[in-house]
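Chain identifiers are assigned alphabetically (A, B, ...) following the order of the sequence lines, protein sequences preceding nucleic acid strands; residue numbering begins at 1 within each chain.
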Amino acid sequence: MTTVTLPDGKELQLESGATGADAAAAIGPGLAKAALAITANGEVLDLARELPDGAAISIITEKSDEALDLIRHDAAHVLATAVISLYPGTKVSIGPAIDNGFYYDFEFPEGVTISDGDLPAIEKRMKEHIKAAEVFERSDISVEEALERFRSLGEDYKVELIEDLITNEGATTVSLYRNGEFTDLCRGPHAPSTDRIKAVALQSVAGAYWRGDSNRKMLTRIYGTAFLSKKDLEEHLVLLEEAKARDHRKLGRELGLFKFSEVSPGSAFWLPKGTKLFNELVSLSREMGEPRGYTEVKTPLLYDSELWKTSGHWDKYRQNMFLTETEDRSMGVKPMNCPGHAHLFGSQQWSYKDLPVRYSEPGLLHRNEPSGTLHGLLRVRHFCQDDAHVFCSDDQVQEEVAACLEFAFATYKLFGLEAKLELSTRPEQRVGDDELWDRAEGALRTALDEGGWEYTVNEGDGAFYGPKIDLHITDSLNRSWQLGTVQLDYSMPERFNLTYTGADNADHRPVMIHRALMGSYERFVGILLEHSAGDLPFWLAPTQVQVLPVADRHAEHAEAVAAELRAAGLRVEADTRSESIGRRIREAELAKTPVMLVVGDREIETGDVSVRERGVGDEGSESVASLAARLAARASDRSA
RNA sequence: GCCGAAGUAGCUCAGCUGGUCAGAGCACCUGUCUUGUAAACAGGGGGUCAGGGGUUCGAAUCCCCUCUUCGGCUCCA
């Protein structure tokens, strides 16, 4: 007899050797049909697997969270099945389920290249295999047998995977899964058969290094997605369309914010409206920084290479810097502000009473990013961080870190963004001894714990000079972005020999905290545009109010209204073109202008304006004076 | 940097296998209309078909190189 426990705590008696399918059938015929797999003691198993006696089980159906991953992994196998039959001689490697879909990496035979145009045929073949309801059949064999099998097939990647399983995990057996003609080395689990994949679509072809190593062979990756119903797939495709419509590169062009040009790859040209937006964000940093004790500085763009040697960037990151030479001196354009700030701090004497010193600088940075990595505003060569460096004593670290986090949360709140925190600890390659790292990581943990902030830990992902806290936000399309970072640095003060005089009249080494909250203004604008679909909040909109005279004879009055609102500090334009009022309203709406004012004979008579709100419509009349006061208040309240 | 794809007017795109293939819509300019809450009407100007080289009687179209962009991979101090 096998006894298992159901989620409701009831026990179920089964014949010994009973499988997941047996358990599902014992519960009910409906469930037996709906079952995709089974969890036993937290581990997901195929329905055909024998259940361990005494296990706590729960049946996975289409309603379960695990279901999507399961059938996407199934779909990856079906993709491989289709590819192998269409392109004989193709070597397979790995094909996992991922967020939103799955992929499989292949090495196609010499001379065969796959492009997007080949996907429909592959997809068609996949659907044939799905319709055929091929059973996923598991077999466990010895590693020797597996090695021989895959060697004889010339499946080099599988052989390497098995060898690694032996070396790293001491594996003596491995599992294989067969569906139709295709047998794959696979840990499982899988649904009972291929027809459980209700909707599948191939999406793109890409290159991907074998095992993510840029020194190894580049394989061909095919991305696809699968769902439990056609409707879910449709909805997903609609979401992708929506994301495409919100692409910040598209919005930047349509709203006249910025452009890119071949003459300076990876660098934005900011148009007047985009510059307004950009400058508003810089102002925000300044206004929020001032009461928090930040002082703004301006440091050079170009430095003697000696400075980069001192900072350590010369050895580690020279290939990503723009270098030049003048009068036989080697110079480098700054990829970050910290060495300049460290140098500046070191250029004068400091007392412990002066600390913390908080230097901020929206400095212009250049990084020579590899051409293939550039992406709109999100990955650029020329950008500006909302950067600051705090120089403080050891015992001020915790408080300063907490203050940085408070600053970050206050900033994000204005945009309706909520952040998740991630603590990254010491990496393999690092400077400084373990005691220092213990102290640094301890300070960050304490700051997080005492602030009552929830966080996850990312072991080994810290910077080489210190641990850090990264801040991630989730946007309106549920995509995650890293924005801010707060990093502790014990290394740079050492390299620049920074000191302050303590109460004991001895020299002490300050700690340096690097922090950027929005990240870079460029990247932040990109994320903000995609998050808001271009509907920027009133305080941030490049044009806040568009005045629209009904006919030419009202133009003068419209200009007068605009002038009155400008005097109240608002960004106002008057569209006095002889186009129809309908067209000008439409264009103002498309330009995402928050407020439109229509003025004609009636308004001249009464002195009122007719107010229209973006995306809402006509809101009736209001006197110019009352409107000016109302909108000025709205503009000054960034949280509104 | 690596793999794949693309680059035709300011924008979105048509132009199949080389021979009125340099086009359309929007935008722009000019004229008419003088407008009441999401697109008035008519006419007109505009492109070294990314750049360079080649094949051909003839190239936007075929081949090679370069640049840029897009989708990924690696990277992102």
Side-chain angles (χ1 to χ4, degrees), chain A residues 103 105 107-108 113-119 203-223 244 247 249-250 253-254 256 259-266 308 311-321 335-336 338-339 365 367-376 378-381 383 427 429 462-466 468 482 485 487 489 491-492 514 519-520 523 546 548-555 577-591 596-603 610-620:
Chain A
Y103 68 78
D105 285 349
E107 183 189 335
F108 284 90
T113 53
I114 298 297
S115 66
D116 288 357
D118 300 311
L119 295 183
Q203 295 173 304
S204 61
V205 178
Y209 296 110
W210 167 234
R211 307 208 119 176
D213 183 345
S214 59
N215 295 313
R216 305 200 63 177
K217 192 164 176 71
M218 180 155 270
L219 304 176
T220 303
R221 174 172 298 179
I222 298 179
Y223 282 98
K244 218 166 147 188
D247 189 310
R249 293 164 295 194
K250 183 166 176 277
R253 193 172 50 239
E254 289 171 357
K259 294 177 185 248
F260 288 91
S261 162
E262 289 186 18
V263 300
S264 186
W308 304 115
S311 70
H313 290 97
W314 190 257
D315 287 339
K316 286 195 157 57
Y317 305 108
R318 195 178 357 168
Q319 68 283 0
N320 284 323
M321 287 175 63
M336 46 186 31
C338 24
L365 307 178
R367 297 182 186 181
N368 195 1
E369 303 286 0
S371 55
T373 64
L374 301 177
H375 180 96
L378 302 180
R379 186 78 179 266
V380 285
R381 287 192 174 142
F383 62 101
Q429 293 201 326
F464 70 90
Y465 47 73
K468 59 175 183 172
Q482 189 201 321
T485 184
Q487 311 183 345
D489 185 356
S491 162
M492 198 126 16
H514 307 243
S520 82
R523 194 176 134 84
Q546 183 70 261
L548 304 166
V550 172
D552 287 351
R553 64 178 180 281
H554 310 122
R577 292 174 302 159
S578 302
E579 297 290 348
S580 73
I581 185 68
R583 163 182 285 254
R584 283 173 292 144
I585 285 170
R586 176 180 155 80
E587 290 185 5
E589 286 277 356
L590 291 174
M596 289 145 273
L597 305 176
V598 177
V599 295
D601 292 332
R602 291 202 297 268
E603 286 72 23
S610 171
V611 183
R612 182 188 167 96
E613 184 77 21
R614 167 184 69 195
V616 178
D618 193 351
E619 298 207 302

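Within 4.0 Å of A:D213, counting heavy atoms only, lies no atom of the nucleic acid at all. Heavy atoms of A:S115 sit under 4.0 angstrom from primed sugar atoms or phosphate atoms, though from no base atom. Contact annotation for A:E579: base contact, defined as any heavy-atom pair under 4.0 Å involving a base atom. Counting non-hydrogen atoms under 4.0 angstrom, A:T113 reaches the backbone sugars and phosphates but no base. As judged by a 4.0 angstrom heavy-atom cut-off over every strand, A:A208 is placed among residues touching the sugar-phosphate backbone only. Across all strands shown, A:R216 has no heavy atoms under 4.0 Å from either base or sugar-phosphate atoms. No contact: A:G617 has no heavy atom under 4.0 Å from any strand. Backbone-only contact: A:L374 has heavy atoms under 4.0 Å from sugar-phosphate atoms and none from a base. Residue-level contact check: A:R612 touches the bases, meaning some heavy atom is under 4.0 Å from a base atom. Among the heavy atoms of the strands lying under 4.0 Å from A:R379 is at least one base atom, whether or not backbone atoms are also near.
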List the steps, then state whether side-chain contact (heavy atoms from CB on, under 4.5 Å) holds for A:N368 with A:Q319.
-> CA-CA 8 Å; A:N368 195 1; A:Q319 68 283 0; over 6 Å; no

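Dashed line: the shortest gap from a side-chain N or O of A:R583 to OP1 or OP2 of B:A27 is under 4.0 Å. Listed pair A:R253 / B:U12 meets the phosphate criterion, a side-chain N or O lying under 4.0 Å from OP1 or OP2. Proximity of A:H375 to the phosphate of B:G71: a side-chain N or O atom is located under 4.0 Å from OP1 or OP2. In this model, the phosphate group of B:C11 is not approached by any side-chain N or O of A:R249 to a distance below 4.0 Å at OP1 or OP2.
Across the strands present, B:A22 finds no partner; the criterion is a Watson-Crick or G-U wobble pair with both atom distances under 3.5 angstrom.
Straight-line distance from the CG atom of A:L378 to the P atom of B:C70: 10 Å, rounded to whole Å. The distance between atom CE of A:M218 and atom P of B:C75, rounded to the nearest whole Å, is 11 Å.
Within 3.5 Å, no donor on the side chain of A:R614 pairs with an acceptor on the base of B:A38, nor the reverse.
Between A:A206 and A:E587, the one whose closest nucleotide on RNA chain B sits nearer the 5' end is A:E587. Residue order along RNA chain B, read from the 5' end via each residue's closest nucleotide, puts A:R586 first among A:R586 and A:P265.
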